[in-house]
2 protein chains.
Amino acid sequence: MRTLYHLPLSPFCRKVRLMLYEKKLEVGLKVERVWEQRDAFLALNPAASVPVLIEEDESIVVGHYAIVEYLEAAYTDVFLSPRSLPEKNEMRRLVSWFDEKFYKEVSGVVLHEKIEKHQEKQGFPDAKLIRQALARLPEHMDYIAWLVENRNWLAGEELTIADLAAAAHLSCLDYFGDVPWNRFPATKEWYMRLKSRPAFRPILEDRVPAFPSTDLYKELDF
Amino acid sequence: MRTLYHLPLSPFCRKVRLMLYEKKLEVGLKVERVWEQRDAFLALNPAASVPVLIEEDESIVVGHYAIVEYLEAAYTDVFLSPRSLPEKNEMRRLVSWFDEKFYKEVSGVVLHEKIEKHQEKQGFPDAKLIRQALARLPEHMDYIAWLVENRNWLAGEELTIADLAAAAHLSCLDYFGDVPWNRFPATKEWYMRLKSRPAFRPILEDRVPAFPSTDLYKELDF
């Protein structure tokens with residue numbers, strides 16, 4: 001069986017896991033504590049980062065960019081991208097919105113302060129930085145709302161990798177109860193649709209030692 | 001003619017420019033001072049980031065991820081990717097190495113301190129952060145050397161987007177004379193090969209007001 005080296009609260013690993021589950025590809029998960037720089041893992045990926053996918057034929061695919069493009073090209077029973085180039089451009093624009101802009105402004109800051117500092121023994125979370133990052137969340141919630149009020153899913157009529165990327169980032173914040181869903185009903189409705197999909201269930205079962213999730217994290221009625 | 005909104009010392013814009021030039025696609029460049037949040041530009045890209053490509057048919061492609069994949073799919077006279085999936089995975093692994101790891105550890109820090117802070121009126125460069133970032137440069141120079149001692153170009157026998165991404169980041173540091181080329185002869189030889197290509201010439205002509213380049217920046221014998 002294929003194996004994914006991952007971290008449960010990494011948005012980039014969650015995006016890949018959601019793709020694997022939506023495509024109904026069986027995968028065994030291994031948590032890789034990348035900060036320990038394990039020799040056997042560095043041999044797979046000298047960048048010492050996750051996700052890393054080991055395929056059934058033992059081939060190695062390193063990093064979310066390579067894995068996402070690879071899965072979409074290699075497994076075509078379930079497509080998670082539109083077919084035309086302009087629509088692909090729009091989907092990739094939105095993937096970058098979340099993987100670059102949202103990560104830099106919101107999720108990357110919060111996850112670094114709350115989790116990475118603890119894991120890497122870099123001291124305590126900086127409450128001011130977390131507050132500043134979460135203060136930027138509403139503009140992104142509004143943008144999602146605007147998109148899904150004009151389209152069925154973020155990039156158009158069909159579910160695509162853009163939805164999975166956005167949900168991957170938001171679900172990591174939601175684990176800590178940091179998403180004010182009730183102030184953004186259209187965004188909440190979109191997230192409820194994703195959360196109800198079978199592919200989302202394993203994400204909702206994630207539990208990270210030392211970091212309890214909120215009670216509503218796994219509830220479909222939140 | 002197509003138009004690229006860009007910033008001269010953005011590694012992500014330089015990667016796209018190098019692709020356009022290697023593919024011999026004519027493009028007019030417009031410098032976009034993204035921090036000014038110009039309304040007409042926000043209408044093109046609400047993320048207020050560059051690069052943004054306007055095609056000859058007026059279609060808009062936003063962000064380096066979308067543009068890179070789009071150019072490679074739409075213009076096939078000159079390929080800048082290998083053909084097989086395992087080789088594409090290796091190329092994309094290396095693109096991520098530079099666009100994520102190298103940017104986070106080295107180029108992103110240096111460029112933020114030296115340029116972005118000045119542009120956004122956020123105060124003076126932090127010399128300690130610059131020193132710490134540049135202290136991580138040698139491990140990356142060694143990694144490039146190791147790759148090109150085992151292969152012709154970074155991802156294999158042919159020049160690919162991995163070389164362009166790596167050169168885009170290094171060339172921004174080189175603009176300030178921050179790359180110790182002579183300590184890394186194999187890496188220097190690889191960069192000389194890139195620098196000698198016609199596609200590199202416009203990059204070497206870049207001049208940014210308020211930031212003079214070093215004398216050796218545009219020299220092929222450096």
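Each chain gets a letter, A, B and so on, in the order its sequence line appears, and its residues count up from 1.
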Heavy-atom count around A/E158 CD within 6.0 Å, excluding the residue itself: above 12? no

Tell me if the CG atom of A/N150 is crowded by more than 12 foreign heavy atoms within 6.0 Å. yes

Among [range], which ones touch chain A with a heavy-atom distance under 4.5 Å?
| range | answer |
| --- | --- |
| residues 81-100 of chain B | B/L85, B/N89, B/R92, B/R93, B/V95, B/S96, B/W97, B/E100 |
| residues 43-75 of chain B | B/P46, B/A47, B/V61, B/V62, B/H64, B/Y65, B/A66, B/V68, B/E69, B/Y70, B/A73, B/A74 |
| residues 121-139 of chain B | none |

Qualifying residues under salt bridge (charged side-chain N to carboxylate O under 4.0 Å, His left out), relative to A/E22, sequence neighbours excluded: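 Listed in chain order: A/R197.
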
